[in-house]
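Working notes, structure below.
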Amino acid sequence: NHDMRRDDSRPCRFSILNQLACRRGSVALMRGACGFVAVVTASACLLSEAGGGRSGGSVASHIFGQRHAQVQWGGDSVADNLERRGVGRFLSAPGGRQLSILHISDAHISLHDDLAPLSTRMHSAFVRTTDKVSHHRTNPGEEFLRLLKLACAKQVDLIALGGDIINFPSEDLVAWLVKTLKEEACGIPFVYTAGNHDWHAEGLPDDDTFDAQRLPQLQSTLKPIYDASAAPLASPLYSATELNGVEVLTLDNSNHQINAEQLEFARQRLARTAGPVVLLMHMPLALPGVELPPKECCGHPDWGAQTDELFTTEGRPRWPEGNLPTTTAFMLLVRQQAAPVGRIVAVLTGHVHRDFGTELFDKTSAANITALACDGKSNGCSLRMSAPGWSQERSHHSSSFLYGGASTIAARAEVLQVGSAVGDKEDTLMEAEGAVQYTTLDAAEGGYRLLTVHLPDVN
């Protein structure tokens with residue numbers, strides 16, 4: 001590791017905490033809650049120990065709020081761009097390429113109780129929902145249509161459907177979804193990875209494993225979704241789509257695991273040397289420090305039969321004993337290939353349905369979990385607040401949100417200015433460098449994330 005200098009004459013330009021850490025030769029990472037984020041670290045420094053190699057890595061600079069995120073691949077760091085452009089403004093070079101992605105996850109749409117009694121519990125749970133922003137009573141179908149209208153209004157390049165879009169595996173639901181995407185999405189292409197509810201009908205007596213329905217449903221009931229998607233599909237378990245210089249990889253971890261075939265696919269794609277990568281998965285990765293229970297993430301070390309709380313509720317067999325070795329290997333691969341060392345700049349996930357808002361300026365906001373997927377001690381991996389006149393406060397929350405005694409940083413309302421794509425107000429803005437895992441609030445309650453990756457011009 002070395003200090004955060006562009007050259008010998010240009011010292012770090014970060015917050016006081018980061019400047020102190022810079023003098024010690026490392027980056028101070030805010031390991032706690034900042035408004036709506038719970039920040040954790042993962043280790044990309046395992047590269048040298050594990051024999052990983054550099055695969056086309058570059059500086060990846062992020063500015064993000066509750067529902068929007070901007071990533072600059074290559075070029076200057078966030079600090080240099082802020083000095084030049086000002087706080088709260090993103091930095092894409094004029095004429096540069098970009099890919100804008102609307103991430104929609106956990107819509108939980110069900111039109112009818114199609115498979116009663118196998119679908120009754122899930123259908124009843126989502127007959128009516130409440131939009132987290134407007135607080136109006138609504139339903140998942142209405143929210144999904146609203147998000148498609150948003151995609152049209154923002155003229156995004158890609159819609160990323162992150163799983164649990166439907167509430168249970170129903171041919172009628174799938175037909176409605178495919179028709180709606182065709183008629184209401186303004187011709188915007190989409191990619192899709194399944195969630196656990198997309199393929200699971202509760203209480204089937206012949207299931208011999210917890211995920212027995214998964215592959216049969218992916219290859220039958222859900223097949224029309226894959227067929228209509230933009231991804232050239234070798235398998236419903238993974239896909240690769242390249243648009244505007246950005247590669248979007250889908251990996252189905254809806255059973256909490258990554259198998260050998262998926263691992264090999266990921267290794268081959270990430271070994272390529274061209275351009276940034278966005279990963280789309282249903283479940284958040286259990287990166288070191290992520291304080292989610294086993295039921296809410298992929299690769300949790302305690303995942304297994306002893307921690308399966310929901311097998312009776314969901315009408316299925318228990319989980320098996322422990323993770324697949326390939327799941328553990330995949331977790332390491334992600335950390336090895338996270339920017340700035342590798343090509344991964346963002347991981348888009350869902351599955352988590354809780355409100356992670358903290359008692360700061362906006363006490364009613366719905367919140368996302370955001371985690372660094374790179375090593376916070378290394379050059380090019382950090383996170384900090386972006387706002388003028390920011391103040392430092394002690395968190396009202398327990399150490400479950402704070403690591404190493406870090407303080408909570410809060411900011412007054414700012415505008416996330418991202419060129420022509422987005423101009424929406426965000427109550428809190430964050431900056432990061434490296435690879436970031438974003439976990440998006442469920443679309444059934446109005447949640448989404450608009451991610452834009454900026455690339456320099458090809459000379």
- Separation between CD1 (I165) and OG (S105), nearest 0.5 Å, reads 5.5 Å
- Query: Looking at residues at least two apart in the chain, or sitting in another chain, which of them share a side chain to side chain donor-acceptor pair (under 3.5 Å) with T120?
  - Reply: D113
- Message: Donor-acceptor pair, distance only, cut-off 3.5 Å: does the side chain of E202 make one with the backbone of R121?
- Response: no
- Sub-3.5 Å donor-acceptor pair from the side chain of D164 to the main-chain atoms of N196, do we have one? yes
- Item | Audit row: I109, W176, side-chain contact (heavy atoms from CB on, under 4.5 Å) steps and yes/no | CA-CA 10 Å; I109 301 166; W176 179 90; 3.7 Å; yes
- Task: Apply side-chain contact (heavy atoms from CB on, under 4.5 Å) to L115 and H123, showing your working.
- Result: CA-CA 10 Å; L115 307 179; H123 175 71; over 6 Å; no
- Task: Go through the structure and list residues passing ring-ring contact (aromatic ring centres under 6.0 Å, His included) with W303, not counting sequence neighbours.
- Result: F210, H256, W319
- Query: Any donor and acceptor pair, going by atom type alone, linking the side chain of R449 with main-chain N or O of T439 inside 3.5 Å?
  - Reply: no
- Non-hydrogen side-chain atoms of R318 and Q306 separated by less than 4.5 Å: no
- Message: Can you tell me how far apart OG1 (T209) and CZ (R214) are? Round to the nearest 0.5 Å.
- Response: 10.5 Å
- Task: Can you run down the disulfide (SG to SG under 2.5 Å) pairs that involve residues 129-221, sequence neighbours left out, and say none if there aren't any?
- Result: C152-C186
- Item | Non-hydrogen atoms of G195 and S254 that approach each other most closely | C-CB, 3.5 Å
- Item | Expected output: side-chain H62 to main-chain G434 donor-acceptor under 3.5 Å | yes
- Query: Does any pair with a residue in residues 114-151 pass disulfide (SG to SG under 2.5 Å), and if so which ones, sequence neighbours excluded?
  - Reply: none
- Item | L450 CG to L150 CG distance, which is reported to the nearest 0.5 Å | 7.0 Å
- Query: Residues two or more places apart in sequence or in another chain: which of them pass side-chain contact (heavy atoms from CB on, under 4.5 Å) with P301?
  - Reply: none
- For the side chain of D198 and the backbone of I166, is there at least one donor-acceptor N/O pair under 3.5 Å apart? yes
- Note on the structure: In short, P284 meets V352 closest at the heavy-atom pair CG-CG2, 3.8 Å
- Test log, rule side-chain contact (heavy atoms from CB on, under 4.5 Å), inputs F168 and L118: CA-CA 9 Å; F168 43 80; L118 306 180; over 6 Å; no
- Query: With a 3.5 Å cut-off and no angle check, do the side chains of H108 and N167 form a donor-acceptor pair?
  - Reply: yes
- Donor-acceptor pair between D172 and S170 side chains, under 3.5 angstrom: no
- Test I159 against L148 for side-chain contact (heavy atoms from CB on, under 4.5 Å), laying out the working first. CA-CA 9 Å; I159 296 170; L148 294 185; 3.9 Å; yes
- Query: Do the side chain of R343 and the main chain of V277 share a donor and acceptor less than 3.5 angstrom apart?
  - Reply: no
- Please identify each residue that fulfils side-chain contact (heavy atoms from CB on, under 4.5 Å) with S239, with sequence neighbours left out. A231, L233, T250
- Message: Testing the basics here: between E445 and D442, what is the closest heavy-atom pair and its distance to 0.1 Å?
- Response: OE1-OD1, 2.7 Å
- Only one of D308, D211, D207 forms a salt bridge (Lys or Arg N to Asp or Glu O under 4.0 Å) with R316, so which one is it? D308
- Note on the structure: Output for pair (T452 OG1, F64 CZ), nearest 0.5 Å, gives 14.5 Å
- Task: For H351, enumerate each residue passing the ring-ring contact (aromatic ring centres under 6.0 Å, His included) test, keeping only those at least two apart in sequence or located in another chain.
- Result: H282
- Note on the structure: Taken in chain and number order and not counting sequence neighbours, the residues that satisfy ring-ring contact (aromatic ring centres under 6.0 Å, His included) with F330 are none
- Message: Testing the basics here: between L222 and A194, what is the closest heavy-atom pair and its distance to 0.1 Å?
- Response: CD1-CB, 4.4 Å
- Query: Do E184 and T180 have a side chain donor and acceptor closer than 3.5 Å?
  - Reply: no
- Does a side chain donor of either T221 or E171 reach within less than 3.5 Å of an acceptor in the other side chain? no
- Correct closest heavy-atom pair for P232 and A240 would be CD-O, 3.5 Å
- Message: As an exercise, state the distance from CZ of R137 to OG1 of T129, rounded to the nearest 0.5 Å.
- Response: 7.0 Å
- Item | Shortest non-hydrogen contact between A151 and L102, atoms and distance | CB-CD2, 3.6 Å
- Side-chain donor or acceptor of Q257 paired with backbone N/O of L324 under 3.5 Å: yes
- Query: Any side-chain heavy-atom pair from V156 and I101 closer than 4.5 angstrom?
  - Reply: no
- Could you tell me whether the side chain of N323 and the main chain of H300 form a donor-acceptor pair under 3.5 Å? yes
Would you tabulate the side-chain donor-acceptor contacts of residues 138-145 under 3.5 Å, counting partners in other chains and residues two or more places apart, or write 'none'?
{"residue": "T138", "atom": "OG1", "partner": "E142", "partner atom": "OE1", "Å": "3.0"}
{"residue": "T138", "atom": "OG1", "partner": "E143", "partner atom": "OE2", "Å": "3.3"}
{"residue": "N139", "atom": "OD1", "partner": "G141", "partner atom": "N", "Å": "3.0"}
{"residue": "N139", "atom": "OD1", "partner": "E142", "partner atom": "N", "Å": "2.9"}
{"residue": "N139", "atom": "ND2", "partner": "E142", "partner atom": "OE2", "Å": "3.1"}
{"residue": "E143", "atom": "OE1", "partner": "G446", "partner atom": "N", "Å": "3.0"}

- Can you list the steps and then say if E314 with K295 is a salt bridge (Lys or Arg N to Asp or Glu O under 4.0 Å)? CA-CA 12 Å; E314 295 181 347; K295 66 181 179 181; over 6 Å; no
- Message: Checking D157 now: which residues fulfil side-chain contact (heavy atoms from CB on, under 4.5 Å) with it, not counting sequence neighbours?
- Response: L99, S100, N244
- Task: Would you mind reporting whether P276 and V246 have side-chain heavy atoms less than 4.5 Å apart?
- Result: yes
- Task: Look at the side chain of T349 and the backbone N and O of L280, then say whether any donor-acceptor pair between them is shorter than 3.5 Å.
- Result: no
- Query: If we only count heavy atoms from C-beta on, is the E261 to T326 side-chain gap below 4.5 Å?
  - Reply: no
- Note on the structure: Rounding to 0.5 Å, atoms OG (S119) and CG (L173) come to a distance of 9.0 Å
- Report, as yes or no, whether the 6.0 Å neighbourhood of atom CD on Q219 holds more than 12 heavy atoms from other residues, nucleotides or ligands. yes
- Message: Strictly distance-based, threshold 3.5 Å: is any side-chain N or O of T193 a donor or acceptor partner for the main-chain N or O of M281?
- Response: no
- Message: Tell me which one of L237, T327, N253 satisfies side-chain contact (heavy atoms from CB on, under 4.5 Å) with Q262.
- Response: L237
- Task: Return the set of residues passing side chain to side chain donor-acceptor pair (under 3.5 Å) with R269 (not counting sequence neighbours), or none when no residue passes.
- Result: E247
- Note on the structure: E264 meets the side-chain contact (heavy atoms from CB on, under 4.5 Å) criterion, sequence neighbours left out, with R267, Q268
